[in-house]
Amino acid sequence: MKSKVDVVVIGSGIGGLCCGALCARSSRDVLVLEAHAQPGGAAHGFKRDGYHFESGPSLWSGLGAWPSSNPLKQVLCALDQPLPVVSYRNWDVLLPEGAIRVGVGAHDFETIVGQLRGAKAVEEWRNFGSILQPIAAAAAALPLLSLRPGAEVIPQMWSRGGQLLPHLASMRHLSGAFGPLVQRHLKDPFLCHWVDLLCFLISGMPMADTNAAAMATLFGEWFQPEAALDYPVGGSAAVADALVQGLQRHGGHLRCNARVTGLLLDGDRTVGVALSNGEEIHADAVVSNADIWSTLDLLPEGAALQWRHQRAATPACRSFLHLHLGFDASGLEDLPIHTVWVGDWERGIDAERNALVFSIPSVLDPTMAPEGHHVLHGYSPANEPWEPWGDLVRGSDSYVAFKRQRCEVFWNVLEQRIPDIRDRTTVVMEGSPLSHRRFLNAHNGSYGPALSAAKGLFPGVTTPLTGLWLCGASAFPGIGIPPVAASGAMAAHAILGREAQNSLLKELGL
């Protein structure tokens with residue numbers, strides 16, 4: 001069976017949905033193909049025994065107010081697609097220094113720094129904030145959605161003329177890694193560790209490898225006087241649903257349970273995709289939202305050999321452990337929506353099972369759990385090695401025992417706050433790198449490419465094959481929700497052309 005559309009998108013992660021929806025908005029006939037039963041990629045959810053579990057991101061910002069520097073919010077506005085959020089200001093951290101409730105915003109964090117490290121550290125942090133302010137302003141003056149695929153950044157900067165002139169002196173800090181900037185201006189060990197933690201939560205890598213522009217933007221958002229975090233009502237699945245609605249309302253289509261097994265080529269031109277059911281779908285443009293290793297596996301033998309060899313050597317971030325719980329909430333009135341735990345700063349922030357993130361979204365959105373109960377997602381952020389898992393078989397006795405052993409760290413940390421958590425639970429699901437690979441089609445369960453910003457930017461959305469584009473965590477600007485949304489928009493810009501991009505930017509006021 002054969003069919004024809006204008007644009008095929010492989011994968012319905014946030015990047016693929018942003019790309020597909022923007023193309024549909026410009027009247028292209030778009031089909032998004034998803035191998036699994038539901039859209040969203042890492043930002044998906046599922047239901048079990050009345051609980052609404054989510055497996056993806058926990059920390060969201062820049063979704064509740066407009067204007068916003070978050071590319072996802074910008075795409076949603078372009079689609080005229082609402083996304084209800086609940087804003088909040090506090091999250092908890094369990095650090096070697098102790099248990100701390102952190103408020104988003106400069107003043108609250110300065111108070112904590114003063115209590116822990118004294119006035120000298122507070123002054124150092126303030127100076128660091130003042131240094132970052134113009135760099136964050138420079139990043140805001142060059143929105144990611146304004147960048148053109150395949151074009152050099154410097155000429156694009158000049159094309160924005162007067163908007164960038166006040167920021168030229170700070171522009172040099174936007175390329176490269178954040179680490180050198182931190183090391184020049186922060187000496188207090190706690191402050192350095194704190195920034196390293198934030199970098200790792202955002203990029204899956206320490207500050208020495210995390211992109212400076214991304215972190216300057218984050219600090220610019222989080223340390224505003226009225227800064228807040230945003231929780232999407234309905235969880236991460238609600239974000240995917242909003243993008244699907246935007247796609248469909250503009251005439252695009254989503255097909256789940258549709259696994260792509262290969263790319264169709266005519267010489268060096270990509271002309272469509274082949275599905276596992278034998279179907280062929282031809283298209284003028286194909287966009288892969290799969291990770292780079294899975295994308296390379298779709299290429300016919302002998303195609304783009306030099307590019308294939310180069311990109312196959314891409315190093316991968318580590319994988320994840322997951323814990324999903326449904327539990328009795330009685331007597332637990334002061335639980336935070338988020339808790340981040342770090343075991344030992346000296347081991348390194350990326351050491352295995354040394355950092356964990358816990359999210360209890362039902363604290364803000366009671367519809368996520370049955371009455372009187374909470375739902376929890378815990379995960380080890382890109383610090384679980386693949387190697388001990390690679391030869392195990394899901395469901396085997398050895399696999400189950402090893403998974404229980406590795407996930408014990410979650411329970412040990414939770415018991416610091418809820419001593420009887422094991423007795424309270426009604427639903428328990430533990431996940432491994434094999435689970436992560438199974439449900440996300442992720443190479444070795446990886447978070448994505450481990451490409452250091454110190455060695456250059458992520459590869460762009462272009463490929464050596466005409467008609468094939470990339471988006472998602474394997475393409476510029478990289479890992480995290482704002483970057484993958486931006487990469488989806490860039491792939492759409494590549495397909496739709498400069499005039500459509502300029503029209504979009506004008507409508508959004510960017």
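These numbers come from a predicted model, not from an experiment.
Taking the six-membered ring for Trp and thresholds of 30 and 60 degrees, Trp293 and His443 have nearly parallel ring planes, at less than 30 degrees apart. Using bins of under 30°, 30° to 60° and over 60° for the plane-to-plane angle, the ring pair Tyr51/His373 lands in the perpendicular bin.
Residues Val286 and Ile10 meet the side-chain proximity criterion, which asks for heavy atoms closer than 4.5 Å. Side-chain atoms of Leu198 and Phe219, non-hydrogen and from C-beta on, do get closer than 4.5 Å to each other. Between Pro459 and Leu451 there is a side-chain heavy-atom pair separated by less than 4.5 Å. For the pair Leu83 and Val239, the minimum side-chain heavy-atom distance is below 4.5 Å. A 4.5 Å side-chain heavy-atom check between Glu279 and Ser3 finds at least one atom pair inside the cut-off. Residues Trp91 and Val340 form a side-chain contact, since some pair of their non-hydrogen atoms from C-beta on lies under 4.5 Å apart. Using a 4.5 Å heavy-atom threshold, the side chains of Trp66 and Leu508 count as touching. Contact of the Trp341 side chain with the Gln416 side chain is registered, since non-hydrogen atoms from C-beta on lie closer than 4.5 Å.
Checked against the 6.0 Å centroid criterion, the rings of His322 and Phe410 do not qualify as a close aromatic pair.
Pairs engaging residues 237-251 under the side-chain hydrogen bond (donor to acceptor under 3.5 Å, both in side chains) rule: Gln81-Gln245, Gln81-Arg249 [sequence neighbours left out]. Among residue pairs with one or both ends in residues 39-50, those qualifying as side-chain hydrogen bond (donor to acceptor under 3.5 Å, both in side chains) are His44-Ser55; sequence neighbours excluded. Counting only residues at least two apart or in different chains, side-chain hydrogen bond (donor to acceptor under 3.5 Å, both in side chains) contacts with residues 485-495 are absent.
Under the rule for a side chain to side chain donor-acceptor pair (under 3.5 Å), the partners of Ser362 that lie at least two apart in sequence or sit in another chain are His374. By the salt bridge (charged side-chain N to carboxylate O under 4.0 Å, His left out) test, Asp268 pairs with no residue at all, sequence neighbours left out. Arg101 pairs by the salt bridge (charged side-chain N to carboxylate O under 4.0 Å, His left out) definition with Asp92, Asp334, not counting sequence neighbours. Annotation: side chain to side chain donor-acceptor pair (under 3.5 Å) contacts of Thr463 (sequence neighbours excluded): none. Residues forming a ring pair (Phe, Tyr, Trp, His ring centres under 6.0 Å) with Tyr447 (at least two apart in sequence, or on another chain): Phe320. For Arg422, the salt bridge (charged side-chain N to carboxylate O under 4.0 Å, His left out) partners are Glu408, Glu415, not counting sequence neighbours. Applying the salt bridge (charged side-chain N to carboxylate O under 4.0 Å, His left out) criterion to Glu507, with sequence neighbours excluded, gives Arg25. Partners of Asp328 by side chain to side chain donor-acceptor pair (under 3.5 Å), not counting sequence neighbours, listed by chain and number: Ser330. Residues forming a side chain to side chain donor-acceptor pair (under 3.5 Å) with Ser359 (at least two apart in sequence, or on another chain): none.
Remark: side-chain polar atoms of Asn289 are paired, donor with acceptor, to backbone N or O of Gly16 under 3.5 angstrom. For the pair Ser68 (side chain) and Asn70 (backbone), a donor-acceptor distance under 3.5 Å is present. Checked by atom type and distance alone, the side chain of Asn211 pairs as donor or acceptor with a backbone atom of Ala214 at under 3.5 Å. Panel note: side chain Glu352, backbone Arg318; no donor-acceptor pair is recorded below 3.5 Å. Judged by distance alone, with hydrogens and angles left aside, the side-chain atoms of Asp196 form no donor-acceptor pair with the main-chain N or O of Ile349 at under 3.5 Å.
What you find for Ala500 and Ser26 is that their closest heavy atoms are CB-OG, 4.5 Å. Across every non-hydrogen atom of Leu296 and Ala312, the tightest pair is CD1-N, 3.4 Å. Here the closest heavy-atom approach between residue Asp230 and residue Gly62 is recorded as OD2-N, 3.2 Å. Heavy-atom minimum distance, Gly445 versus His436: O-CD2, 3.0 Å. The two residues Ser380 and Leu321 have their closest heavy-atom pair at OG-N, 2.8 Å. Between Ser446 and Ala316, the closest heavy-atom pair is OG-CB, 3.6 Å.
Atom CG of Asn277 is surrounded by more than 12 heavy atoms from other residues, nucleotides or ligands within 6.0 Å.
Note that the SG atom of Cys199 and the CG atom of Asp350 stand 11.5 Å from one another [nearest 0.5 Å]. Taking CG of Leu263 as the start and CG of Leu299 as the end, the distance is 5.5 Å to the nearest 0.5 Å. Distance check: Arg308 CZ to Ile292 CD1 gives 10.5 Å after rounding to the nearest 0.5 Å. The CG atom of Leu243 lies 6.0 Å from the CG atom of Leu72; values are rounded to the nearest 0.5 Å. Annotation: the span from Cys407 atom SG to Glu384 atom CD amounts to 8.0 Å, rounded to 0.5 Å. Atoms CG and NE2, from Leu33 and His253 in turn, are 12.0 Å apart once rounded to the nearest 0.5 Å.
Side-chain contact, Asp291 with Ser294: a donor N or O sits under 3.5 Å from an acceptor N or O. A donor-acceptor pair shorter than 3.5 Å can be found between the side chains of His338 and Tyr88. Trp411 and Glu430 form a side-chain donor-acceptor contact under 3.5 Å, judged by distance and modelled atom types alone. Checked by atom type, the side-chain pair Thr367/Asp365 shows a donor-acceptor distance below 3.5 Å. Using modelled atom types, one finds a donor on one side chain and an acceptor on the other under 3.5 Å when comparing Glu54 with Ser236.
Shown are Leu414, Leu325, Leu94; of these, the side chain to side chain contact (heavy atoms under 4.5 Å, CB included) with Phe358 is made only by Leu414. Checked against Lys4 for a side chain to side chain contact (heavy atoms under 4.5 Å, CB included), the options Asp29, Asp284, Ile281 give a single hit: Asp284.
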**Message:** Working note: Val75 + Leu22, criterion side-chain contact (heavy atoms from CB on, under 4.5 Å); need CA distance, chi angles, decisive distance, verdict.
**Reply:** CA-CA 8 Å; Val75 171; Leu22 289 177; 4.2 Å; yes

**Item:** Stepwise side-chain contact (heavy atoms from CB on, under 4.5 Å) test for Arg28 and Leu496
**Value:** CA-CA 9 Å; Arg28 299 300 196 274; Leu496 301 173; 3.6 Å; yes

**Item:** Verdict with reasoning, Val7 to Ile495, per side-chain contact (heavy atoms from CB on, under 4.5 Å)
**Value:** CA-CA 9 Å; Val7 180; Ile495 294 167; 4.2 Å; yes

**Request:** Please test Phe327 against Thr426 for side-chain contact (heavy atoms from CB on, under 4.5 Å), starting from the C-alpha separation and ending with a verdict.
**Result:** CA-CA 5 Å; Phe327 64 96; Thr426 59; 5.9 Å; no

